[in-house]
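Heads up: the structure comes next, in structure tokens.
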Amino acid sequence: MNQQIYLDNAATTQMSDAVKAAMEPYFREKFGNASTGYRYGEEAKQAIEEARELIAETLEAKPSEIFFTSGGTESDNWAVKGIAGAYRNLGSHLITCNIEHHAVLNSCAYLERLGYRVTYLPVDGFGRVSPEEVRQAIAPDTILVTIMFGNNEVGTIEPIWQIGKIAKSEQILFHTDAVQAYGQVPISVRYYPVDLLSASAHKFHGPKGVGFLYVKEGVAIPSFINGGSQESGLRAGTENVPGIVGMGKAAELAHKNMRTRINREIKLRNYLIEKVFREIPRVKLNGHRTMRLPGNTNFCFEGIEGASLLILLEEEGICASGGSACNTGESRTSYVIEALGTEESYAPGTIRLTLSGETTRQEVDLAVDAIKRNVALLRESG
Ligand SMILES: *Cc1c(COP(=O)(O)O)cnc(C)c1O
């Protein structure tokens with residue numbers, strides 16, 4: 001394979017050099033346990049608190065509202081199961097939607113087995129949840145609404161402000177899985193009425209295995225991992241110091257010149273979409289044309305199998321995906337594409353191409369050219 005074109009930034013991103021450099025001292029020289037009192041421990045503790053401040057700043061939150069976790073999956077599990085457990089005496093009904101990440105969907109399924117009721121709202125043809133349907137789904141025993149900020153497969157950005165307002169007016173807690181959105185678009189908790197928000201470092205050029213949960217002051221979330229007194233006693237276990245430092249650095253960098261980067265990325269994304277439509281017949285764009293994450297594109301090509309196209313692209317050094325990274329190997333149509341009501345002749349031919357701030361126009365040109373040739377090839381042979 002000569003050159004690699006990485007267009008799967010929704011699955012994970014490459015850690016930046018600056019992030020790696022920021023983490024490095026915490027593997028060996030500064031190896032202390034943050035819970036100890038001497039210099040090594042103080043060093044680690046200080047580094048953790050600096051990362052907490054950096055992240056809080058990006059959200060316009062308080063440092064005491066940021067809790068470090070092992071990633072997006074843990075943050076989602078903690079938010080959904082934690083709130084469900086703590087508020088059981090007030091009710092046992094949750095509202096979510098049918099295109100959430102499995103970290104939320106399977107947490108909800110787990111709660112259903114414990115006797116909770118969960119409403120899975122449908123989405124429209126663009127992947128949007130209707131705030132009005134959220135309002136109508138609210139019952140006297142509803143305790144939590146959880147709707148993702150941006151979808152990981154089709155990139156649709158949900159009406160988080162409107163849904164948050166509704167939840168707030170009904171005094172129901174609102175969680176958003178912002179794993180795809182945090183670090184990609186500006187999110188302020190002063191603007192968005194959210195009570196809990198999940199994020200993960202490896203989706204914004206930070207390290208894998210570390211994330212955070214924002215919990216608004218006053219929300220009584222119970223401890224999720226029981227043990228020592230780390231993270232205000234709510235998330236026990238010796239902290240992943242290098243990971244937390246790396247995430248803090250990645251968060252800082254992601255929010256530096258964010259506007260410029262977003263504009264550039266949206267331009268390149270639109271260029272990709274327009275080029276695909278111009279050069280390849282019988283194609284559909286999945287998700288919303290404008291209300292979508294800056295780097296996300298997701299297409300359906302009529303009459304082909306997305307999985308076959310991905311194999312041919314891989315042979316040319318192009319990394320893309322069929323939908324979500326968690327479901328590769330499954331050849332059936334993704335539940336997200338199904339939820340959008342995509343026609344049967346188009347749905348199997350789904351591929352997702354997700355850009356990063358580093359993706360170049362030349363890479364996009366090469367990728368579209370390869371897609372064009374291979375779609376034609378598959379259509380001829382099919
Ligand atoms: C990646 C992702 C997750 C899981 O995060 P991890 O840190 O990989 O566990 C959860 N939700 C969404 C929307 C994601 O894209």
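Just follow the structure's listing: the first ligand is 1, and inside any ligand the first atom is 1. From a predicted model like this one, the values you see are computed outputs, not experimental measurements.
With 3.5 Å as the limit, one finds no donor-acceptor pair spanning the side chains of Ser356 and Tyr6. For the 3.5 Å distance criterion, the side chains of Asp365 and Tyr271 qualify, holding a donor opposite an acceptor.
The closest heavy-atom contact to atom 13 (C) of ligand 1, among the options Asp177, Asn151, Val210, Asp76, comes from Asp177. Evaluated by nearest non-hydrogen atom to atom 12 (C) of ligand 1, the leading choice among His101, Gln180, Lys208 is His101.
Of all the atoms in ligand 1, the ones that sit under 4.0 Å from a non-hydrogen atom of Ser200 are 6 (P), 7 (O). Close contacts between ligand 1 and Asn152 involve ligand atoms 13 (C), 15 (O) [criterion: under 4.0 Å to a heavy atom]. Interface atoms of ligand 1 facing Gly71, defined by a heavy-atom separation under 4.0 Å, are 7 (O).
For Val179, every heavy-atom contact with ligand 1 shorter than 4.0 Å involves the side chain, none the backbone. Proximity of Glu74 to ligand 1, defined as any heavy-atom pair under 4.0 Å, is not found for any part of the residue. If you look at Lys203 next to ligand 1, the close heavy atoms, those under 4.0 Å, all belong to the side chain.
Under the salt bridge (Lys or Arg N to Asp or Glu O under 4.0 Å) criterion, the residue pairs touching residues 222-242 are Arg52-Glu231, Glu74-Arg235, with sequence neighbours excluded.
By the 4.0 Å heavy-atom criterion, His202 is counted among the residues contacting ligand 1.
Between Arg292 and Glu265 there is no salt bridge, since no side-chain nitrogen of the basic residue lies less than 4.0 Å from a carboxylate oxygen of the acidic one.
Of the N or O atoms in Met148, none lie within a sub-3.5 Å distance of an N or O in ligand 1.
Members clustered with Leu253: Met15, Val19, Met23, Phe27, by chain and number, using a 4.5 Å side-chain heavy-atom cutoff among hydrophobic residues.
A distance of 6.0 Å or more separates the ring centres of His93 and Tyr87.
Counting heavy atoms of neighbouring residues, nucleotides and ligands inside a 6.0 Å radius, atom CD of Glu112 exceeds 12 of them.
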